[in-house]
Amino acid sequence: MVSGNKYWKLKYNLREAQVQNDLGVLTFGGAFSNHLAATAAATAAMGLRSVGIVRGEEWAQKENQSPTLQFCKQKGMSLRYLSRSNYRQKETTAFLQHYQKTYPGYRLLPEGGTNPLALQGCAEVLDENDHPFDTICTPVGTGGTLAGLAMGGHTNQQFVGFSVLKNEGLNTQIKKLNPNTNWTLNTDYPLGGYAKTPPELIEFINDFKKKFTIPLDPIYTGKMLFGIFDLINKGLWRWGNNVLVVHTGGLQGIAGVNQRLAQKGATLLD
Ligand SMILES: *Cc1c(COP(=O)(O)O)cnc(C)c1O
């Protein structure tokens with residue numbers, strides 16, 4: 001099954017890959033990346049090949065410690081491991097040319113999958129049934145999902161993104177993807193930084209699941225809802241009253257986070 005925002009972002013990219021008769025897709029991500037998992041599953045379902053370039057050469061020796069990498073391999077993705085310093089070059093022309101040469105016929109997609117076709121997929125997620133909602137919330141990594149959702153927004157709607165990483169330039173980056181003024185970025189809830197999972201977050205997610213029987217992932221949706229509840233409880237909520245919260249998926253990441261929490265002897269996600 002392929003679901004979540006990474007699927008929306010892949011939809012038109014993979015359609016284009018089919019139209020162009022590409023052999024497969026090559027893309028980039030960390031050892032717990034939702035994007036790598038979604039790419040592996042979606043390409044396999046379509047009969048396309050896939051290559052995943054993974055951040056951190058140490059993962060070559062401990063693939064079995066990442067449920068995400070295990071899943072990618074099961075789906076037939078070829079994994080290549082890069083040192084963090086090499087991985088950092090992943091947007092340079094020389095680097096991309098190298099991979100395009102090494103893997104002819106492969107479509108290169110950036111880390112997180114954000115590109116113009118990805119925005120087009122996200123712009124389709126909401127429809128006229130969602131028009132009564134005046135405020136739409138979504139978690140933000142690269143901002144492609146926020147930018148795309150806002151592109152497809154109705155005139156009465158304001159989009160509020162919750163950043164899961166500390167990145168000063170993020171607002172500017174998203175402005176380049178979508179220059180409209182119908183979205184804002186809240187940067188107050190990375191809760192220690194990307195992929196950091198402090199005990200108060202784990203407790204919030206476990207309580208939330210008990211109360212509402214909705215599972216949240218600890219990297220994206222959990223932090224967004226932690227932020228939304230915190231703002232409401234503190235009387236700081238300043239957007240509309242009819243709020244739609246987008247569940248972007250990410251549940252495949254829970255197993256990996258639990259492995260790391262268990263190693264620390266910390267409370268696990270239910
Ligand atoms: C990647 C991801 C996001 C963030 O998407 P961007 O388009 O990079 O901002 C949000 N939620 C989940 C579950 C994700 O996997």
Side-chain angles (χ1 to χ4, degrees), residues 1-13 27-42 52 55 66-68 71-72 90-91 109-126 136-153 159-167 169-178 183-187 189-191 193-197 201 205 208-209 214-228 244-257 269:
M1 190 186 76
V2 188
S3 62
N5 75 324
K6 294 307 185 295
Y7 169 69
W8 317 331
K9 295 172 85 172
L10 283 167
K11 180 178 169 189
Y12 286 105
N13 280 294
T27 192
F28 307 88
F32 300 95
S33 161
N34 294 329
H35 169 65
L36 283 185
T39 303
R55 181 180 65 237
S66 162
T68 304
F71 175 83
C72 289
K90 68 188 181 302
E91 270 134 41
L109 295 181
E111 181 184 62
T114 293
N115 65 8
L117 287 175
L119 267 58
Q120 192 184 328
C122 293
E124 280 181 359
V125 171
L126 301 180
I136 323 282
C137 297
T138 187
V140 170
T142 62
T145 303
L146 173 64
L149 285 171
M151 245 174 215
F159 292 79
V160 185
F162 287 80
S163 177
V164 301
L165 27 84
K166 295 185 260 183
N167 175 352
L170 192 54
N171 203 72
T172 315
Q173 268 166 248
I174 304 174
K175 275 246 147 59
K176 283 186 200 147
L177 299 173
N178 181 344
W183 60 267
T184 49
L185 185 66
N186 179 295
T187 56
Y189 296 97
L191 304 182
Y194 184 69
K196 295 282 189 305
T197 55
L201 174 68
I205 292 173
F208 193 94
K209 190 172 172 187
I214 298 172
L216 301 174
D217 84 290
I219 315 294
Y220 293 101
T221 55
K223 287 184 178 176
M224 163 181 63
L225 275 149
F226 185 100
I228 292 170
L244 176 69
V245 175
V246 180
H247 196 308
T248 45
L251 300 179
Q252 73 85 27
I254 290 177
V257 168
L269 291 153

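Just so you know, ligand 1 is whichever comes first in the structure, and atom 1 is the first atom listed for that ligand.
- Atoms of ligand 1 lying under 4.0 Å from at least one heavy atom of Gly250, given by number and element, are 13 (C).
- Atoms of ligand 1 lying under 4.0 Å from at least one heavy atom of Gly143, given by number and element, are 6 (P), 8 (O), 9 (O).
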Review point. Between Lys209 and Ile205, is a side-chain contact (heavy atoms from CB on, under 4.5 Å) present by the stated rule, with each step listed?
Key: CA-CA 6 Å; Lys209 190 172 172 187; Ile205 292 173; 5.7 Å; no
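- In terms of protein heavy-atom proximity, atom 10 (C) of ligand 1 is closest to Tyr220 CD2, 3.3 Å.
- Take Phe226 and apply the ring-ring contact (aromatic ring centres under 6.0 Å, His included) test, not counting sequence neighbours, and it matches Phe204.
- Near Gly144, with a cut-off below 4.0 Å to any heavy atom, the atoms of ligand 1 are 6 (P), 7 (O), 9 (O).
- Among protein heavy atoms, the minimum distance from atom 4 (C) of ligand 1 is reached at Gly141 N, 3.4 Å.
- Phe159 and Leu126 make their closest contact through CE2-CD1, 3.7 Å (heavy atoms, listed as atom of the first residue, atom of the second, distance).
- At least one N or O atom of Lys9 sits closer than 3.5 Å to an N or O atom of ligand 1.
- Using a 3.5 Å distance cut-off with no hydrogens or angles, the side chains of Thr68 and Gln252 do pair a donor with an acceptor.
- Residue Ile174 comes nearest to Thr142 through the heavy atom pair CG1-O, 3.9 Å, listed as atom of the first residue, atom of the second, then distance.
- Using modelled atom types, no side-chain atom of Trp8 and backbone atom of Gly148 make a donor-acceptor pair closer than 3.5 Å.
- With Asn5 as the fixed residue, the side-chain hydrogen bond (donor to acceptor under 3.5 Å, both in side chains) test singles out one of Asn34, Thr145, Thr221: Thr145.
- Contacts with ligand 1 closer than 4.0 Å are made by side-chain heavy atoms of Lys6 only, the backbone lying farther away.
- Nearest protein neighbour of atom 8 (O) of ligand 1, counting heavy atoms only, is Thr142 OG1, 2.6 Å.
- Only the side chain of Asn5 comes within 4.0 Å of ligand 1, counting heavy atoms alone; its backbone N, CA, C and O stay farther away.
- Under the side chain to side chain contact (heavy atoms under 4.5 Å, CB included) rule, Phe162 has a single partner from Leu185, Asn186, Val245, Val140, which is Asn186.
- When only interatomic distances are considered, the shortest N/O to N/O separation between Thr145 and ligand 1 falls below 3.5 Å.
- Within the 4.0 Å heavy-atom criterion, the part of Asn34 lying near ligand 1 is the side chain and not the backbone.
- Any N or O atom pair closer than 3.5 Å counts here, and Val140 shares no such pair with ligand 1.
- Side-chain contact, Thr39 with Lys6: no donor N or O sits under 3.5 Å from an acceptor N or O.
- Looking at ligand 1, you'll find an N or O of Thr248 within less than 3.5 Å of one of its N or O atoms.
- Heavy atoms of Gly249 approach ligand 1 to within less than 4.0 angstrom.
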